[in-house]
Amino acid sequence: MMFDDLSERLQSVFAGFSREKTLTEENMADALREIRRALLEADVSLRVAKAFLTRIKERAEGETVLKQVNASQQLVKIVHDEMILLLGKENVPLNFSGNPSLIVLFGLQGSGKTTSAGKLALHLRKKGKKPLLVAADVYRPAAIQQLITLGKQVGIPVHTIEGSNDVLAIARTGENFAKQNGHDVVIIDTAGRLQVDTAMMAELLLLERSLQPVEKLLVIDAMTGQEAVNVAEAFNTQLQMTGLIITKMDGDARGGAALSVAEVTGQPIKFIGTGETVDGLEPFYPERLATRILGMGDVVSLVEKAQEAIDQDEAKRLEERMRKQTFSLEDFVQVQKQFKRLGSMGDILGMLGIPGLGKDQRELLSFEGDKMMKRVEVMTQSMTLAERQNPDILTPSRQKRIAKGCGMSEKEIQDFLKQFNQMKMVMKQFSKLTGKGGPEPEKTGFSLHMPRSQKKNKEKNRANQLAKGLGLPANFDPSKMPTGFPKLPPGLGGKFPFQ
Amino acid sequence: MFGWFKKQSSPESSPLAGNLLNTSKQLLGSLFGATTPSGPGISETLSPLEIEELITELEENLIKADVGVNTAVEICDQLRQQKSKLLSKAALISALKQAFTDRLAPVKAQQSIAFNPQKLNIYLFVGVNGAGKTTTIGKLAHQFVENGHKVVIGAGDSFRAAAEDQLAVWAERAGASLVRQDGAEASGVIYDAIRRAVDTQANVVLLDTAGRLQNKFNLMEELRKIRAVIDKARPEESIFESLLVIDATTGQNALKQASVFQETVDLSGVILTKLDGSAKGGVILAVAHEYRLPIKWVGVGEKITDLQPFDSDAFLEALFASPAASQVH
């Protein structure tokens with residue numbers, strides 16, 4: 001996952017520092033050198049890295065030694081605080097003003113503007129807006145077609161002028177179309193361009209002057225190297241942008257671009273792209289990212305993602321059925337579907353920030369987990385609805401047919417059904433254990449259902465629930481996890497159904 | 001070998017040098033401006049302190065060009081070791097050029113694209129999202145057709161919205177034939193494209209694939225399958241290259257891309273796109289050095305002809321053809 005390497009490097013710096021009792025000039029010098037190198041290897045801009053280290057040094061020198069904390073903890077705290085500032089302090093939401101609100105996206109070729117436009121439109125609709133997409137990339141072949149296709153996927157209209165290469169006219173008619181059709185937000189996708197291409201920059205400038213959009217967002221690829229700051233600065237100077245979208249954050253880049261651009265432009269990162277599918281866009285929270293980089297996980301984002309991805313009514317219904325012992329294979333398929341919306345196993349494990357669970361283990365778990373889910377999907381697809389609703393009718397001859405249908409052996413089908421029944425047994429025992437009416441979701445964490453009203457102050461609690469929901473033991477103690485590879489950690493290996 | 005690429009005999013005036021002018025400026029820094037009246041002259045003897053300052057500046061410039069900390073430090077340590085011999089800016093520039101040459105040397109022999117007009121030449125293009133695979137294929141199709149070859153393009157990106165349409169535009173412009181089955185499995189499209197080329201006696205097949213981040217296991221497994229299908233579909237006599245397309249603005253992640261794509265599809269080389277504008281693409285030095293991957297093509301501009309076969313000698317000549325360096329000759 002993104003930032004893993006940087007995260008590991010920094011944590012090893014802190015670990016090496018753990019014997020030190022106080023921060024001194026000497027021990028700091030070593031640590032700072034290591035941090036500098038880790039940042040530069042992560043593609044943090046040289047200039048930004050230098051400034052960042054100076055600030056850390058100054059703060060460390062000015063800090064009075066606290067008796068309760070050791071030098072390492074103190075250093076982690078300073079780095080954490082400074083990293084939050086580096087990333088822009090806090091989440092800055094989009095501005096909406098004007099009728100409609102105009103948002104223009106721009107950036108280099110291949111940075112992910114068109115995809116981001118589609119994702120942003122979907123995000124805004126979820127927030128209750130009525131967005132219109134405007135396809136104004138008249139240069140790249142089929143770029144307009146790409147946005148139209150994306151628009152269809154998410155059910156959001158796309159405006160363009162077929163065959164026109166007048167970007168301003170396309171945008172203006174788009175604005176009018178929005179006014180006439182009650183769209184309150186217009187997202188304008190523009191062609192990719194180099195920040196040094198004067199003709200192309202002039203086109204964008206004209207668009208900016210004429211439309212005066214309330215949001216001017218630069219789209220930058222998270223894998224960008226040292227050039228990121230030059231790109232960001234140039235676009236900012238010429239267009240006075242209002243924020244950034246960092247794309248492809250679901251890759252394994254070390255993320256230097258994301259760490260550098262807010263600092264050099266003074267503009268906030270507003271969104272990050274976190275997946276290939278249209279829902280892979282999230283608001284950006286500096287603190288959460290800083291916490292994740294320093295290896296502390298990002299449970300808050302995971303919980304929010306769960307709240308958004310999981311259909312609450314459906315979750316409630318499934319939970320009911322789990323308690324009433326009427327849980328069928330059909331229900332199980334639904335649970336899987338909901339789970340999948342959270343992302344890959346690797347993403348989820350990464351956000352849980354389980355100490356000791358290294359990147360390699362996460363990747364293996366993710367791979368195995370996703371594979372398992374795929375197998376189950378294929379098997380259940382070969383069954384009839386009646387069979388899924390009542391697995392008891394699955395006679396050997398039916399099993400044989402299913403095996404043929406999904407290209408697996410009969411033994412595999414048998415094992416799968418056996419495991420499914422075991423899981424039902426576990427559910428049964430679980431219900432008994434927790435009392436009469438079945439488990440209270442809040443207590444057991446058996447539930448996917450998370451009421452929004454209890455959002456505040458319960459994140460930690462929720463994380464536990466979620467961990468349990470993922471098959472981690474209730475009193476999960478990360479420190480007891482085996483580090484051996486490829487052995488699965490307890491809980492995940494055994495409890496994840498249908499291994 | 002390729003008619004359209006004539007080796008540049010005078011790099012100072014070549015378009016490549018023009019495109020790399022800013023790159024040289026940023027990379028060489030004070031060394032570039034060696035002839036300005038304020039600084040010491042190009043051949044003037046410098047004090048050890050002055051040399052050390054220049055090397056330190058160079059180290060930073062290398063990092064800024066995405067060469068990577070490790071490589072930058074290695075190169076500059078090499079320069080420091082030869083310090084007693086490096087007495088002028090000119091000497092420093094040529095030592096730096098030598099360091100670059102050394103790093104590209106192991107792959108220089110393989111930098112030419114495998115091509116035989118008598119046979120079927122199959123090129124597979126892989127890479128992360130937005131690297132420029134489709135555009136590269138479009139430009140190459142154009143160049144191949146222009147040189148009298150019969151080209152089939154396989155639209156293997158069935159994931160990105162309208163990727164096939166984008167290729168269709170390119171194929172039509174170039175006069176190449178396109179095999180597409182929207183929404184179909186990529187390996188099937190690729191199989192069909194190769195068979196179509198065999199059946200129609202085409203001699204070039206360009207195979208597009210969906211962009212994928214190398215940490216996505218399932219997508220990489222799909223690519224592995226594509227690679228296996230190619231081996232099955234291609235005639236024994238055919239030429240095959242498996243090419244990683246890397247955006248020159250990419251930082252150190254390019255190394256991971258090289259490593260994982262290498263393992264998955266057994267790469268034969270790299271295409272570096274968008275290498276224009278400013279100092280970037282330095283990571284390619286480490287890619288070539290550490291993964292023994294030759295650079296086969298570079299894109300130095302938006303025009304179709306700006307995608308050129310890579311010639312490390314010509315490239316280094318252009319990169320170090322600063323006013324300062326040219327004075328030495």
Side-chain angles (χ1 to χ4, degrees), chain A residues 1-2 4-5 36-37 40-43 45-47 49 108-112 114-115 118 139-153 192 194-197 221-228 230-231 247-248 250-254 256-257 276 344 346 363 366-367 370-371 374, chain B residues 22 26 60-61 63-70 72-73 128-135 138 159-170 172-173 210-219 221 247-254 256-257 260 273-274 276-283 302:
Chain A
M1 230 163 122
M2 185 91 177
D4 269 348
D5 292 336
R36 175 181 187 266
R37 199 156 175 141
L40 290 178
E41 280 173 12
D43 292 324
S45 145
L46 182 65
R47 184 155 46 104
L108 299 182
Q109 290 91 343
S111 54
T114 308
T115 307
Y139 303 97
R140 180 163 58 91
I144 289 175
Q145 192 53 46
Q146 185 184 350
L147 194 64
I148 292 173
T149 310
L150 274 170
K152 267 187 200 145
Q153 274 174 28
L194 279 173
Q195 75 278 14
V196 290
D197 185 334
D221 183 330
M223 291 177 284
T224 313
Q226 297 281 327
E227 180 75 356
N230 301 333
V231 173
T247 60
K248 307 174 204 174
D250 52 330
D252 56 4
R254 304 183 196 185
E276 294 221 340
S344 74
E363 276 171 6
S366 170
F367 183 58
D370 291 340
K371 208 166 73 183
K374 185 82 202 158
Chain B
N22 279 327
Q26 287 169 35
E60 297 203 339
N61 291 345
I63 290 172
K64 283 190 208 156
D66 285 324
V67 163
V69 196
N70 291 335
V73 169
V128 298
N129 316 60
K133 289 175 294 300
T134 308
T135 305
F159 185 82
R160 180 162 60 88
E164 290 108 333
D165 296 332
Q166 187 180 349
L167 262 185
V169 174
W170 276 110
E172 205 193 314
R173 276 187 201 165
R212 64 200 77 218
L213 300 176
Q214 67 277 6
N215 63 335
K216 308 277 178 192
F217 271 93
N218 294 339
L219 297 178
E221 288 304 303
D247 181 331
T249 47
T250 312
Q252 301 309 301
N253 192 249
K256 281 196 201 158
Q257 293 173 22
V260 180
T273 60
K274 313 180 207 175
D276 36 22
S278 54
K280 51 191 177 184
V283 69
E302 299 237 4

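All chains are named by letter (A, B, ...) in the order of the sequence lines, taking the proteins before the strands, and each is independently numbered beginning at 1. Remember, predicted model here, so these are calculated numbers, not experimental data. Excluded from the calculations below are hydrogen atoms, water molecules and symmetry mates; all remaining heavy atoms, backbone and side chain alike, are included.
Interface summary for chain A: among B/Gly130, B/Gly138, B/Ala161, the most heavy-atom pairs under 4.5 angstrom belong to B/Ala161. Ranked by heavy-atom pairs shorter than 4.5 Å toward chain B, the options A/Pro141, A/Gly110, A/Ala142 are led by A/Pro141.
The parts of B/Asn129 that come within reach of chain A are both its backbone and its side chain, each placing non-hydrogen atoms under 4.5 angstrom from that chain. B/Glu164 does not touch chain A: none of its heavy atoms, backbone or side chain, sits under 4.5 Å away. Of the two parts of B/Leu219, only the side chain, counted from C-beta on, holds a non-hydrogen atom closer than 4.5 Å to a non-hydrogen atom of chain A. Residue contact with chain B, scored on non-hydrogen atoms closer than 4.5 Å, involves the side chain of A/Leu46 exclusively. If you measure heavy-atom distances from B/Val128 to chain A, the contacts under 4.5 Å come from the side chain alone. In this structure, the portion of A/Leu108 lying under 4.5 Å from any heavy atom of chain B is its side chain and not its backbone.
Contact between A/Glu276 and B/Gly211 at its shortest, heavy atoms only, is OE2-O, 3.6 Å.
One distance of note links CD of B/Gln166 with CD of A/Gln145; it measures 11.5 Å at 0.5 Å rounding. Between the OG1 atom of B/Thr249 and the CG atom of A/Asp43 there is a distance of 10.5 Å, given to the nearest 0.5 Å. To the nearest 0.5 Å, atom CD of residue B/Gln214 and atom CE of residue A/Met223 are 7.0 Å apart.
Around the CD atom of B/Glu60, the shell of radius 6.0 Å holds more than 12 heavy atoms that belong to other residues, nucleotides or ligands. The number of heavy atoms from other shown groups lying within 6.0 Å of CD (B/Glu221) is above 12. Atom CZ of A/Arg37 is surrounded by more than 12 heavy atoms from other residues, nucleotides or ligands within 6.0 Å.
Side-chain N or O atoms of B/Asn215 include one that pairs as donor or acceptor with a backbone N or O of A/Asp250 at under 3.5 Å.
In this structure, the side chains of B/Asn70 and A/Glu41 come closer than 4.5 Å at one or more pairs of heavy atoms. Annotation: side chain of B/Leu213 is not in contact with side chain of A/Asp252 (no heavy-atom distance under 4.5 Å).
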Practice problem: Quick one: do B/Ile63 and A/Leu40 satisfy side-chain contact (heavy atoms from CB on, under 4.5 Å)? Show the steps, please. | Solution: CA-CA 8 Å; B/Ile63 290 172; A/Leu40 290 178; 4.1 Å; yes

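Residues passing the salt bridge (Lys or Arg N to Asp or Glu O under 4.0 Å) test with A/Arg140, sequence neighbours excluded: A/Asp137.
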